[in-house]
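Residue numbers count from 1 along this sequence.
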Amino acid sequence: MPVRTACVALALCYATALLGAANASPRLSNLAVSAENLAFTAGTPQTSQPIVIDLSTADVVTKLAAQVCVGLFNRDGASSRGAYALIEAVDADWLADIEGIRDPTLHSVADFLELCLHGPNPVARGFLRYNYTAQKELVPNIITVAAVLDAVPLEDGHPAITGANILFDANVVFAGFKPLDATSYTFNQYANITTGISKMNPGYSKSKTHPFNPPLTRDANSGLVDYIVKERLFNFFLWNGCIPGTEEYVLQKRMVSDPSTAWKKPLDVMGYDDSWPIAGDLFEAETDCNKEHNMGQIASNGVPNLSFFSRKAKVGSPMLQNIAPAPGYNKSKTYIGIVVGDGDNIAFIRTSRRRWFMDRAARWYYNNSYASKHDYFVLPPSGDLYAYPAMMPEDMQANFMSNTERDCVLLNTSASVTWEWFDTWSTAIKHVYPKYAKQNTVRGLFAVNVPYMFPVLNFGPKEHYKILGGKVVLFKPREWRGPACTPKSACPTAHELAAEINGYPKGTVSHIYVTSDGGGNLGDIYDMVAALDEHVEVSNHEMLVQAALQRG
């Protein structure tokens, strides 16, 4: 049989993007990130270059100070130029791809800090005194104080201190503090000045032998600091903050339920919570972190320069997708959709998975999908945030679902991947997802179970989907992690999976969720599609939903 072009819907976990044509130019000139406070589009190349500094060989203390200044320079109205940090080689690539700036003029870090604190229009009001070695665990809290006071964190003896005002002395105020104490102090003093929250691991190593008290063996990753500072986020990290019965849990619960903060609900948690590495990272989605169930994640730990790129205007009008043909249901065919997800976080897209996507992008993902004619966007798990919607109380669900519907309108899609904890599917199916039928904006949902290897018993053995509220189709989980992983049931070869699909009764409507972080890749998809029988039609999300509704 001739090789068919795969019709692919892509849902990156935590940052929505789209596959385009396989032979496209790798240059980028447009970018859209789905989270509301990160959405932006690139315009024409910069007429005036930003202040660019090279932090690739800087020590962690210098990186933290410089990244605070990058965030301050990128605040609205602070500087017409903005600032940009080169931390890894890929950061130069992004500057070239998004802004058209190649071989930028580099400013020394010393000059940059001097400009930040003492320039003709200084963006910092002074400095924050601390000792990195002695206060390593408290670095997340120190960044919060730096953000709200516009203060550069510096150690004794740094030349930039000369002539600068000391705004906060962490060596004195935080003396003898543990993260619990420092988080409580900064919340009580500064939470009402912050706009949201972020989590930044100060350097704890995952340890199964010391689950409650892991060793502090690494340095904090400074990448997200510029964005934390620009947006004045409340940054912290409590290793046991999601463990009931601990003081840290009590404090975190108080913080996220305090009505006096300006934090929108459900809470968008920037960064990443990699505490308690059980079944992956047990609390990564945040919704299961406290009994309020009012949080969701934007996985962005270690990603620099979001403060620079978010200077662009947010996406405000719907983007254009390929027209999704929806022919009438034919019971002699089998309809199968291919959803590619688990790009896993913004950091992966920035670095190790950059080429994976760029090989299929010209003017970023949407623009080149027009060339392929076979690629479409769907939202990532579980829509607006990486979260478990069925856990949320009704008011949080309503906000979350409204935000998800808004995202669908902006990204011009009607479907989303959705994850739920294994014991909440009954609630999701009976009480949550049918609510999408009212607006009829979200019409297709591709389910993934957490943990993924558990079956969802709400679906029968031969049931591929459920119709909810008469208009919404929830597809049964069917994950493919490529041919080389465990358990084997999730890892058939391309030909084994094709044989499975070919063997479905004619008239079946179903999908496959391919995880790139589980090991799946485009070559596996092409090999599988090439082995499908003629009666199998590879379908986009709209075709799947319409076929399921017509089949009943």
Checking the side chain of [X] only, and the main-chain atoms of [Y] only, is there a donor and an acceptor separated by less than 3.5 Å?
| X | Y | answer |
| --- | --- | --- |
| Glu463 | Gly460 | yes |
| Gln397 | Glu394 | no |
| Asn290 | Lys253 | no |
| Arg551 | Gly507 | yes |
| Asp226 | Ser307 | yes |
| Ser300 | Met270 | no |
| Asn240 | Ile243 | no |
| Asn221 | Gly223 | yes |
| Ser402 | Asn399 | no |
| Ser539 | Gly337 | no |

Please determine whether a side-chain nitrogen of the Lys or Arg among [X] and [Y] lies less than 4.0 Å from a carboxylate oxygen of the Asp or Glu.
| X | Y | answer |
| --- | --- | --- |
| Lys265 | Asp395 | no |
| Lys333 | Glu534 | no |
| Asp268 | Lys264 | yes |

* **Residues Tyr204, Trp239; criterion ring-ring contact (aromatic ring centres under 6.0 Å, His included); working and verdict** => CA-CA 9 Å; Tyr204 297 120; Trp239 183 269; 5.7 Å; yes
* Determine the interplanar angle of the Phe446 and His511 rings, folded into 0 to 90°, and report it as parallel if under 30°, tilted if 30 to 60°, perpendicular if over 60°. =>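 If you compare the ring of Phe446 with that of His511, the planes turn out tilted.
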* Asked: Do the ring centers of Phe377 and His541 come within less than 6.0 Å of each other?
  ->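 Not under 6.0 Å, so no.
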* Among Glu286, Gln297, Glu284, Lys199, whose side chain to side chain donor-acceptor pair (under 3.5 Å) with Tyr272 holds? ->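 Of the listed residues Glu286, Gln297, Glu284, Lys199, the side chain to side chain donor-acceptor pair (under 3.5 Å) partner of Tyr272 is Glu284.
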* To do: Begin from the C-alpha positions of Lys312 and Glu99 and carry the test salt bridge (charged side-chain N to carboxylate O under 4.0 Å, His left out) through to its verdict.
  => CA-CA 11 Å; Lys312 302 289 184 181; Glu99 299 294 339; 3.3 Å; yes
Atom pair [atom1] ([X]) and [atom2] ([Y]), whose distance is rounded to the nearest 0.5 Å:
| X | Y | atom1 | atom2 | value |
| --- | --- | --- | --- | --- |
| Phe309 | Ile98 | CZ | CD1 | 5.5 Å |
| Trp425 | Leu474 | CH2 | CG | 6.0 Å |
| Cys485 | Trp480 | SG | CH2 | 10.0 Å |
| His495 | Glu500 | NE2 | CD | 15.0 Å |
| Asn330 | Tyr335 | CG | OH | 5.0 Å |
| Leu224 | Leu233 | CG | CG | 7.5 Å |

[Y] and [X] side chains, donor-acceptor separation under 3.5 Å:
| X | Y | value |
| --- | --- | --- |
| Glu420 | Tyr433 | yes |
| Arg481 | Tyr513 | no |
| Thr334 | Glu537 | no |

* To do: Evaluate the side-chain contact (heavy atoms from CB on, under 4.5 Å) criterion for residues Tyr249 and Lys291: first the C-alpha distance (whole Å), next the side-chain angles of each, then the deciding distance (0.1 Å), finally the verdict.
  => CA-CA 10 Å; Tyr249 180 89; Lys291 70 176 185 179; 3.7 Å; yes
* To do: Show the numbers, then the answer: is there a side-chain hydrogen bond (donor to acceptor under 3.5 Å, both in side chains) between Asn235 and Ser198?
  => CA-CA 5 Å; Asn235 190 47; Ser198 59; 2.8 Å; yes
* Note, Val514 side chain near Asp524 side chain (heavy atom, < 4.5 Å) ->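 In short, these two side chains do not touch, never coming nearer than 4.5 Å.
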* To do: Please lay out, stage by stage, how Met200 and Phe236 fare under the test side-chain contact (heavy atoms from CB on, under 4.5 Å).
  => CA-CA 6 Å; Met200 186 177 84; Phe236 70 103; over 6 Å; no
* To do: Go through the steps to decide whether Phe475 and Val473 satisfy the test side-chain contact (heavy atoms from CB on, under 4.5 Å), and finish with yes or no.
  => CA-CA 6 Å; Phe475 290 92; Val473 180; 3.5 Å; yes
* Passing option when Thr287 is tested against Glu292, Met396, His293 for side chain to side chain contact (heavy atoms under 4.5 Å, CB included) ->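 Among the candidates, only His293 passes.
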* Assess whether side-chain contact (heavy atoms from CB on, under 4.5 Å) is satisfied between Leu497 and Met528, documenting all intermediate values. => CA-CA 7 Å; Leu497 181 59; Met528 185 271 290; 4.0 Å; yes
* Exercise: identify the closest heavy-atom pair between Leu379 and Cys408 ->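 Where Leu379 meets Cys408 most closely, the heavy atoms are CD1-SG, 3.6 Å.
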